[in-house]
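In this text, all values refer to a predicted model and were calculated from it rather than measured experimentally. What's counted below: heavy atoms across the whole structure, side chains too, no hydrogens, waters or symmetry copies. Chain naming here is simple, since letters A, B, ... match the order of the sequence lines and numbering starts at 1 in each.
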Amino acid sequence: MINQIDYTYKDRVWCGKINEKYVNKEVKIYGWVHRFRDMGGILFVDLRDRTGIVQVVMSSELKINKLSLEDVLEVVGIVKERPIENINPNIATGNFEVIAKEIKILSKSEALPFMINEDYKDIRDLKIDEATRLKYRYLDLRRLQMFKNMYFRHKIIKYIRDFMDNEDFLEIETPLLAKPTPEGARDFLVPSRLQPGKFYALPQSPQLFKQILMVAGIDRYFQIAKCLRDEDLRADRQPEFTQVDIEMSFISKKDIFLLIENLLDYVLNNLGIEISIPFEVIDYNYAIKHFNSDKPDLRFNYPVKKWNNSIKINLNDEDFDINQAYYIFFKNLVLTRKELDKLNEFLRQNNLKFLYLISSNSGESFFKGSLVKFVDINEVDNYLRNENQFYNGDYIVFVISSKNYLNELILIKNYLIENKVLKPVKDFYFLWVDNFPLFKVEEEKVGNKLIRKISPEHHPFTNVLEEDKDKVYMIYEKLKKNPNIIYDDEFVKEVLSIRSLAYDLVLNGVEIASGSIRITDIKFQKIIFEIIGINEEDANRKFGFLLEAFKYGVPPHGGIALGIDRIIALLLGYNSIREVIAFPKTQSGTCLLTKAPSEVDLSQLKELGIKLMEVN
RNA sequence: GGGGGCGUAGUUCAGCACGGUUAGAACGUUGGCCUGUCACGCCAAAGGUCGCGGGUUCAAGUCCCGUCGUCCCCGCCA
């Protein structure tokens with residue numbers, strides 16, 4: 001019998017941590033049968049726990065029942081150093097093995113729905129359908145890779161809490177049963193039994209509560225907060241996701257930037273990732289103008305340049321307008337023959353007009369591509385030479401054009417990135433995008449009429465850049481005089497030109513945080529509400545408690561929220577945040593493990609006063 | 001709401017353009033052999049409503065229509 005008396009969880013010896021200090025000592029280990037090799041008289045078992053794998057050697061005298069993959073074992077044995085010829089350099093414990101004295105099968109496993117011991121060499125290429133993985137998520141999570149993801153996530157959150165605590169922030173839990181908010185994303189609704197006909201909403205974010213906490217004098221708040229939005233899913237969007245929600249009083253934008261830079265520096269350094277702070281800051285307008293994006297990926301910074309329309313391209317194609325022609329210039333881009341062929345194929349398939357320069361072995365360079373017949377090569381060559389300081393035969397140039405010129409150029413860029421032809425200037429490129437507009441103007445078709453509407457670009461509590469404040473009063477007055485002025489394009493331009501105190505943090509072209517300095521002037525807040533079409537009555541009904549709170553001494557405050565799922569996925573190199581979430585939903589919002597959402601008993605509905613109706 | 005990809009053994013895939021043998025492979029599973037393997041090896045076997053429904057056809061995994069599931073994208077996500 002295995003002696004249990006003096007053994008506590010503190011004495012646990014992990015499979016992956018067997019090392020020289022255990023040699024010739026008796027250990028008790030627990031784990032799952034990762035793989036086994038039955039040689040007849042001797043049986044090798046790779047026993048796995050979350051830390052790794054160790055080889056257990058069993059002689060035939062042990063007479064244990066037949067093993068299956070993923071049986072749960074308790075093994076008592078002596079750790080031995082392996083003879084040199086038997087060392088396995090592929091695993092961390094490869095110098096050692098456990099010679100079993102006693103073995104207990106704690107639990108048997110049936111044949112598995114998919115293999116989880118496949119993470120070796122070329123078997124790594126085997127892919128399991130994600131739906132199958134999600135249905136048996138507990139098996140999927142047993143894989144060391146998935147455990148590492150969960151561990152990384154745990155550590156990130158732990159270091160965030162350490163840092164925030166150190167900076168005098170309080171973690172405060174805000175309610176999950178909250179007030180429905182008609183603005184923004186669709187709410188998940190929760191019917192109230194005690195008040196039939198009324199509903200709670202699951203919070204899209206703790207926004208209003210954290211601002212109330214500032215009024216409450218907490219001053220520095222944060223929360224690892226679940227946020228819930230009933231919108232369509234994507235690889236980087238789940239209906240519930242986690243944010244590091246932060247709010248501070250008596251600060252400016254600079255303080256938020258500083259805090260987040262220090263936070264990420266601290267957390268990532270603890271995880272062995274070096275980053276440089278402070279992060280670059282670019283203006284929203286600059287980003288849009290030069291990258292056609294409010295979240296540019298500056299790991300691959302290739303500016304788009306306008307084509308000089310005096311350099312003729314004699315192409316008869318109604319989609320091609322030389323006055324709309326742009327080109328992108330990839331520095332130091334050298335393609336192999338194979339890469340070039342693949343790129344050609346890609347460009348042709350996407351029907352792109354292009355021209356590129358290649359250099360031959362003899363040092364000569366010449367142009368190729370679908371536009372080559374339609375240009376004067378010498379003229380183009382001279383032009384590019386003058387325009388681009390570092391022009392030489394190693395460079396490749398594309399000229400394309402259409403109404404969607406930027407999208408097409410970005411398509412090429414993305415293709416080159418995906419095929420690893422373009423190399424990132426660094427692994428993790430953080431970037432602040434600052435001075436977002438305060439408003440956006442949306443158009444909606446009602447019948448065959450186009451309705452224009454002003455709405456907040458960030459959210460209605462976002463403050464304005466001080467020097468643009470007068471503009472807000474101006475458009476407010478104009479709208480009051482004539483609500484139809486919204487259909488005047490000059491007026492819309494004016495509305496869009498108003499800058500806010502809102503900012504995003506971008507990592508490798510992905511928005512990972514978003515925040516703003518808030519409005520604390522009740523009068524100004526009311527004007528904003530009016531501009532975005534929320535009248536006084538609506539405002540009081542929806543946000544009256546916030547306006548009321550602001551009457552009793554509100555400190556200037558602002559904050560930010562970081563999307564933890566996205567950050568972790570990016571740091572670990574995943575496109576999908578599902579790889580870093582233990583139990584994610586599919587694109588149709590179902591949990592394949594539990595089959596949620598599901599139908600409910602009629603009695604449950606009755607209690608809530610809810611009757612289902614047909615919806616087409 | 002829209003566009004696209006995928007769905008064949010437990011798993012990963014081949015077969016489908018151009019319809020025509022008994023639908024194959026690898027891994028896994030089951031049984032057997034093997035005392036130094038480590039992606040062990042060897043021998044043998046079982047395992048399929050080709051997602052589901054309908055249509056075309058003498059004949060459908062293969063062609064057509066619909067539907068369901070899943071993945072990617074647009075819309076949407078203050």
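- Taking 4.0 Å as the cut-off between side-chain N and carboxylate O, A:Asp283 and A:Arg499 do not count as a salt-bridged pair.
- If you measure from atom CG of A:Leu233 to atom C1' of B:rU70, you get 13 Å, rounded to the nearest angstrom.
- Here A:Phe114 does not count as stacked on B:rU11, because the ring centres are not under 5.5 angstrom apart with planes under 30°.
- Among B:rG75, B:rG36, B:rU12, the nucleotide with an atom closest to any side-chain atom of A:Phe44 is B:rG36.
- Considering only the side chain of A:Asp232, B:rC76 comes nearest among B:rC34, B:rC76, B:rC77.
- Considering only the side chain of A:Ala235, B:rC72 comes nearest among B:rC72, B:rU37, B:rC76.
- Per the geometry, CG belonging to A:Asn117 stands 8 Å off P belonging to B:rG28, to the nearest Å.
- Listed pair A:Thr590 / B:rU70 meets the phosphate criterion, a side-chain N or O lying under 4.0 Å from OP1 or OP2.
- Between A:Glu231 and A:Arg186 there is a salt bridge, since at least one side-chain N of the basic residue sits less than 4.0 Å from a carboxylate O of the acidic one.
- Nucleic acid contact class of A:Thr586 (heavy atoms, under 4.0 Å, all strands): sugar-phosphate only.
- Looking at the side chain of A:Met115, the nearest of the listed nucleotides B:rC76, B:rA39, B:rC27 is B:rC27.
- Residue A:Glu130 is classed as a sugar-phosphate contact, given heavy-atom separations below 4.0 Å to backbone atoms only.
- A salt bridge (Lys or Arg N to Asp or Glu O under 4.0 Å) check over residues 512-529 of chain A, counting only residues at least two apart or in different chains, returns the pairs A:Glu247-A:Arg518, A:Lys526-A:Glu536.
- Looking at heavy-atom distances under 4.0 Å, A:Ser205 makes contact with a base.
- Using a 4.0 Å heavy-atom cutoff across all strands shown, A:Asp129 reaches sugar-phosphate atoms only and no base atom.
- The partner of B:rG53 is B:rC65, by the rule that a Watson-Crick or G-U pair needs both atom distances under 3.5 Å.
- Rounded to whole Å, the P atom of B:rG20 lies 14 Å from the corresponding atom of B:rG24.
- In the interface, the side chain of A:Glu97 is paired with the base of B:rG36 through a donor and an acceptor atom under 3.5 Å apart.
- A donor-acceptor contact closer than 3.5 angstrom links the side chains of A:Gln204 and A:Asp187.
- Rounded to whole Å, the C1' atom of B:rC52 lies 11 Å from the corresponding atom of B:rG7.
- Nucleic acid contact for A:Met39: base, since at least one base atom lies under 4.0 Å from a heavy atom of the residue.
- Rounded to whole angstrom, the span from the CG atom of A:Leu69 across to the P atom of B:rU11 amounts to 16 Å.
- Salt bridge absent: A:Arg566 and A:Glu511 never bring a charged side-chain N and a carboxylate O closer than 4.0 Å.
- Base contact: A:Gln207 has a heavy atom under 4.0 Å from a base atom.
- Of all nucleotides present, none satisfies the Watson-Crick or G-U wobble test against B:rG36 with each distance under 3.5 Å.
- Here the nucleotide nearest the side chain of A:Gln587, chosen from B:rC72, B:rC38, B:rC27, is B:rC72.
- No side-chain N or O of A:Tyr284 forms a donor-acceptor pair with one of A:Asp504 less than 3.5 Å apart.
- Across all strands shown, A:Pro83 has no heavy atoms under 4.0 Å from either base or sugar-phosphate atoms.
- Donor-acceptor pairing under 3.5 Å, judged by distance alone, is present between the side chain of A:Arg82 and the base of B:rC38.
- Here A:Arg35 does not reach the OP1 or OP2 of B:rC27: none of its side-chain N or O atoms lies under 4.0 Å away.
- Between A:Arg234 and the phosphate of B:rC71, there is no side-chain N or O to OP1/OP2 separation shorter than 4.0 Å.
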Handout entry: Step-by-step side-chain hydrogen bond (donor to acceptor under 3.5 Å, both in side chains) determination, A:Tyr221 to A:Asp245
Key = CA-CA 8 Å; A:Tyr221 144 93; A:Asp245 194 45; 2.9 Å; yes
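- The residue A:Arg578 sits close only to the backbone: its heavy atoms come under 4.0 Å of sugar-phosphate atoms, none of a base.
- Between A:Glu85 and A:Phe461, it is A:Glu85 whose nearest contact on RNA chain B lies nearer the 5' terminus.
- For B:rU70, one of the phosphate oxygens OP1 or OP2 lies less than 4.0 angstrom from a side-chain nitrogen or oxygen of A:Ser588.
- The shortest distance between side-chain heavy atoms of A:Phe114 and A:Tyr136 falls below 4.5 Å.
- Side-chain N/O atoms of A:Arg37 include none lying less than 4.0 angstrom from OP1 or OP2 on B:rU37.
- If you check B:rC16 for Watson-Crick or wobble pairing at under 3.5 angstrom, you find it has no partner at all.
- B:rU12 and B:rG31: their P atoms are spaced 25 Å apart (whole Å).
- B:rA44: Watson-Crick or G-U partner is B:rU30, with both key distances under 3.5 Å.
- Under the Watson-Crick and G-U wobble criteria, each requiring two contacts below 3.5 Å, nucleotide B:rC76 is left unpaired.
- Each of A:Val57 and A:Lys585 was matched to the nucleotide of RNA chain B holding its nearest heavy atom; the match closer to the 5' end belongs to A:Val57.
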